[in-house]
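Before any comments, here is the structure.
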Amino acid sequence: MYTKPDILELYDKAIRINKSCPDHRRAFDYWMQHNNKAPEQSLSFDTETTGISFGVPSMLHIGNTDIKVYNIKVFGISLAIPTRKRIVLIWARLGTDLFDEAVKLLGICGQKVAHNARYDLRVCKINSIKITEETHCTLTAARIYWDRRQRFGLQPLCEIICPELSDWELAVKSESRRIKSKYTRAGYPKGYINYSFISDKIMAEYSMIDSFLCLMIHCMIHPRMQDTYEEVYTREQKVLKLALKMEQQGLQYDCRKSLIEERKFNKKAVILEKQLYKIAGEEFNIKSPAQVLSILLKLKIPVKLITADSELSTDKNLLEPIVDHKLWKNEKGLLFLETLLNIKAIYKQVYSYLIPLRKRAMYNNGKIYCNINATDTRTGRTAVTDPGLQTIPRLISRRKRKNPIRSCFICRPGYWNYHFDYAQIEMIFYAVLIGETRIIDAYNEGRDIYTEIAQFTCSEEDLEYIRKTLGDPRQQLKHLSLAVLYGAGVPGTAKILQMPKDRAASLLAGYLEACPLVVEYRNQCKHELYTKGYVEDFFGRRYHIEPGQAYKAPNAVVQGSCAQILKIALIQINEYLETSSDRARILIPEHDEFITERPSADRDTEILFCRNVVSAMQNIKQLTDRRLKIRVDVERTKTNWEAKKKLEIS
DNA sequence: GCATGATGCTT
DNA sequence: TGCGAGCATCATGCA
């Protein structure tokens, strides 16, 4: 058995930087003054690394060669260990005895604490550092305890908790800048310099305070988590682990197919570019809004056509109607706009998706890894970054064709992918929230809610107008309903539905008149914001919003509640998978959808698997309490995401 | 080199 | 009076 005193003894023999560091003295004083009590057998830690991207090696550009460097390496660990009488801070650099002891300590005793634990746990895993106990995350706790309006890096948190200690990272920041510019001047490539270049003295002062603050924050918040937010907090703890697991699985990506599509797009783009320059009479940078505007003005487009909020703009939503409804009486001009929109759509596909995704996959044997951020958003939604896999296009805009990007995401050999999608969950939650029984009833009886909404909110005249100028009324009413939920006013409605303001105003007025509960709920929110300063979601989680921005409240409550449901579902699906013999895995969450994979098997077990997942998604107390059975659509594919087909399981 | 604005993709 | 939550790209202006 390894105990704390061992490392403390070792520490006594090691460098004693804290004796001479004023920052540390201030930190100790602060701790003693506020008499913070740390949980028994706890310690906080922080890892210092030489790189920050996961799954993607950093690239060094040296001369004409690109060199791949897998450089996410721990080069140091700092610990803050509370003992009965004092708090011991340790900075241990890779290669020292102290480092080895620190690693051992992480592996055995007591409760661990880290700020943004997901990151540190990931780093430790990659570097084969074992962390046995549950790790608490101060970032997660801070997000829950305060509200989600602000960022909660360690420094901003410090401003809230202990402003007198909040300038501890200045030295390391300025040193980092100094070294970077020195090496850059000497011709070293970008990204070559990291914190491991900084002297041990400065690094130690910085890093020890870092983990100390983390411990202090934990001591302050954790008891309150247990009192008030136990359910929410333990849920986030579980999701944290699952996010880590999903991040490390990666998604299969077909680089060859991607490259082929890329070339097709580029070929088209070259032709279109030539056409565009010919019409314009000169070459210009199509990616620059300013240059596009000047060309448009040169072609003498009526200024009011491209004006939004009294400012000139080249926004797609502004330009598209001009082409679609021939609002500009100029054949050449319309051709210009049409070509421009097509080129921009192609650029989007190629530069935002195809190229970045392919590059990532190429360096990782056809796998794409991402960051799954389960806590760090205002409403508690899960965000996926680096790359942002939640925004892969469904259709190519303007052409309304199936998008080739989705066909590049392929199933692993021998596996099927299953997509589980909550049907219209946000609208239903909204209906429940405001008590709109007409929508709930329609949903429960299996009717389409937007068709229903269209019937009781629109006059015949409006419906006729929509049908004539915009197309399918159901789709438009869906847009309108969501816009209302998001708090859009007349200008917003006009923009979303691409109609004149007076028409939008009457449509919106009709909608609100037919749904008085919408207005009533908005007023209720406003009242709560004025009296209490926050609104609560179905889980008792609070959203602090300025009363002046009350229009944001309904959306926060709905989106927040849905995010919680998704998290509960994630945990329950995982629980099922762990007990089943399916060898199935959750690949990634996408707002109101889960993508999973499972080895191919016969139809019976497949249906059973789907039913179990679906029931894990439906059997949620907060749903059943409200007599809600949210429909879950299941789709499956054995090739790629674009080819997925609906699967009936009932 | 960095911050900011404009734009566009998702739900 | 009012356009929710995200992420990613590129151009531009400033230091």
Side-chain angles (χ1 to χ4, degrees), chain A residues 148-149 177 180-181 184-185 190-191 284-293 308-309 311-320 340-341 344-357 360 370-373 376-398 403 405-406 421-427 429-430 478-497 504-505 508 522 525-526 543 545-563 566 588-593:
Chain A
R148 296 163 178 279
R149 271 175 303 178
R177 266 199 301 275
K180 259 185 198 163
S181 73
T184 310
R185 273 200 305 276
K190 202 184 154 189
F284 61 100
N285 187 346
I286 302 166
K287 290 172 189 163
S288 159
Q291 295 188 35
V292 169
L293 267 182
D309 301 331
E311 281 196 37
L312 291 181
S313 160
T314 58
D315 194 305
K316 183 166 161 283
N317 291 327
L318 219 55
L319 300 187
E320 264 183 358
L340 178 75
L341 287 168
K344 278 178 138 184
I346 291 176
Y347 281 169
K348 182 73 183 172
Q349 309 295 314
V350 175
Y351 291 102
S352 285
Y353 300 103
L354 287 171
I355 291 180
L357 290 173
R360 277 163 190 279
C370 57
N371 278 310
I372 298 177
N373 217 326
D376 203 17
T377 58
R378 280 182 178 79
T379 54
R381 262 193 177 183
T382 302
V384 177
T385 61
D386 229 354
L389 290 177
Q390 286 170 322
T391 57
I392 307 298
R394 301 248 170 217
L395 302 165
I396 299 180
S397 52
R398 303 262 334 128
N403 195 305
I405 297 169
R406 290 207 171 229
D421 190 329
Y422 276 120
Q424 294 143 5
I425 187 171
E426 291 209 344
M427 261 341 270
F429 262 55
Y430 188 43
K478 184 177 169 183
H479 285 158
L480 178 59
S481 303
L482 287 170
V484 169
L485 168 55
Y486 299 156
V490 171
T493 311
K495 200 173 169 190
I496 291 162
L497 293 180
L508 190 61
R522 276 185 190 171
C525 281
K526 201 185 235 176
Y543 302 92
I545 294 167
E546 296 297 327
Q549 298 192 312
Y551 65 91
K552 289 183 179 175
N555 180 59
V557 174
V558 169
Q559 214 182 84
S561 301
C562 287
L566 261 285
I588 208 161
E590 251 198 42
H591 300 300
D592 62 358
E593 179 180 342

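Just the heavy atoms: all of them, side chains too, but no hydrogens, waters or symmetry mates, feed the values below. Just so you know, these numbers come straight off a predicted model, no measurement behind them. Just so it is clear: chains get the letters A, B, ... in the order the sequence lines come, proteins before strands, and each one is counted from 1.
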Rounding to a whole Å, what distance do you find between [X]:[atom1] and [N]:[atom2]?
{"X": "Y353(A)", "N": "dC10(C)", "atom1": "OH", "atom2": "C1'", "answer": "14 Å"}
{"X": "Y351(A)", "N": "dA11(C)", "atom1": "OH", "atom2": "P", "answer": "9 Å"}
{"X": "E593(A)", "N": "dG6(C)", "atom1": "CD", "atom2": "C1'", "answer": "16 Å"}
{"X": "I405(A)", "N": "dT10(B)", "atom1": "CD1", "atom2": "C1'", "answer": "12 Å"}
{"X": "L340(A)", "N": "dT7(B)", "atom1": "CG", "atom2": "C1'", "answer": "12 Å"}
{"X": "L508(A)", "N": "dC3(C)", "atom1": "CG", "atom2": "C1'", "answer": "12 Å"}
{"X": "N403(A)", "N": "dG8(B)", "atom1": "CG", "atom2": "P", "answer": "16 Å"}
{"X": "I372(A)", "N": "dG6(C)", "atom1": "CD1", "atom2": "C1'", "answer": "15 Å"}

NA contact type, [X], heavy-atom cut-off 4.0 Å: base, sugar-phosphate, or nothing?
{"X": "I392(A)", "result": "sugar-phosphate"}
{"X": "G388(A)", "result": "sugar-phosphate"}
{"X": "V384(A)", "result": "sugar-phosphate"}
{"X": "Q559(A)", "result": "base"}
{"X": "Q291(A)", "result": "sugar-phosphate"}
{"X": "K348(A)", "result": "base"}
{"X": "K478(A)", "result": "nothing"}

Subject >> Q559(A) (side chain) donor-acceptor with G380(A) (main chain) under 3.5 angstrom >> reply: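 It does not hold such a pair.
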
[X] side chain, from C-beta outward: closest of [options]:
{"X": "H591(A)", "options": "dT9(C), dA11(C), dT10(B)", "answer": "dT10(B)"}
{"X": "Y486(A)", "options": "dG4(C), dT9(C), dG6(C)", "answer": "dG4(C)"}
{"X": "S352(A)", "options": "dA5(C), dT10(B), dT9(C)", "answer": "dT9(C)"}
{"X": "D386(A)", "options": "dG4(C), dA8(C), dT12(C)", "answer": "dA8(C)"}
{"X": "P289(A)", "options": "dT10(B), dC7(C), dA6(B)", "answer": "dA6(B)"}
{"X": "K316(A)", "options": "dA5(C), dG6(C), dG8(B)", "answer": "dG8(B)"}

Subject >> Integer angstrom distance from the C1' of dC9(B) to that of dG2(C) >> reply: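 Those two atoms are separated by 24 Å.
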
Original post:
What integer number of Å spans the P atoms of dA6(B) and dC3(C)?
Top reply: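 Those two atoms are separated by 15 Å.
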
Presence of [X] side-chain N/O under 4.0 Å of [N] phosphate oxygens OP1/OP2:
{"X": "R381(A)", "N": "dT10(B)", "answer": "no"}
{"X": "T314(A)", "N": "dA6(B)", "answer": "no"}
{"X": "S313(A)", "N": "dA6(B)", "answer": "no"}
{"X": "N555(A)", "N": "dC3(C)", "answer": "no"}
{"X": "K344(A)", "N": "dT9(C)", "answer": "no"}
{"X": "R378(A)", "N": "dG4(C)", "answer": "no"}

Subject >> Heavy-atom closest contact (N285(A) atom, Q291(A) atom, distance) >> reply: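 For N285(A) versus Q291(A), the nearest heavy atoms are N-OE1, 2.8 Å.
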
Subject >> Check against salt bridge (charged side-chain N to carboxylate O under 4.0 Å, His left out), E426(A) and R381(A) >> reply: CA-CA 13 Å; E426(A) 291 209 344; R381(A) 262 193 177 183; 3.1 Å; yes

Original post:
Ring stacking, Y551(A) with base of dG2(C), under 5.5 Å and under 30°?
Top reply: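 No, the aromatic ring of Y551(A) does not stack with the base.
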
Heavy-atom check, side chain of [X] versus side chain of [Y], under 4.5 Å:
{"X": "D592(A)", "Y": "D421(A)", "value": "yes"}
{"X": "T493(A)", "Y": "L480(A)", "value": "yes"}
{"X": "C370(A)", "Y": "T385(A)", "value": "no"}

Original post:
Is K526(A) salt-bridged to E546(A), going by a charged N under 4.0 Å from an acidic O?
Top reply: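 Salt bridge between K526(A) and E546(A), a charged N being under 4.0 Å from a carboxylate O: no.
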
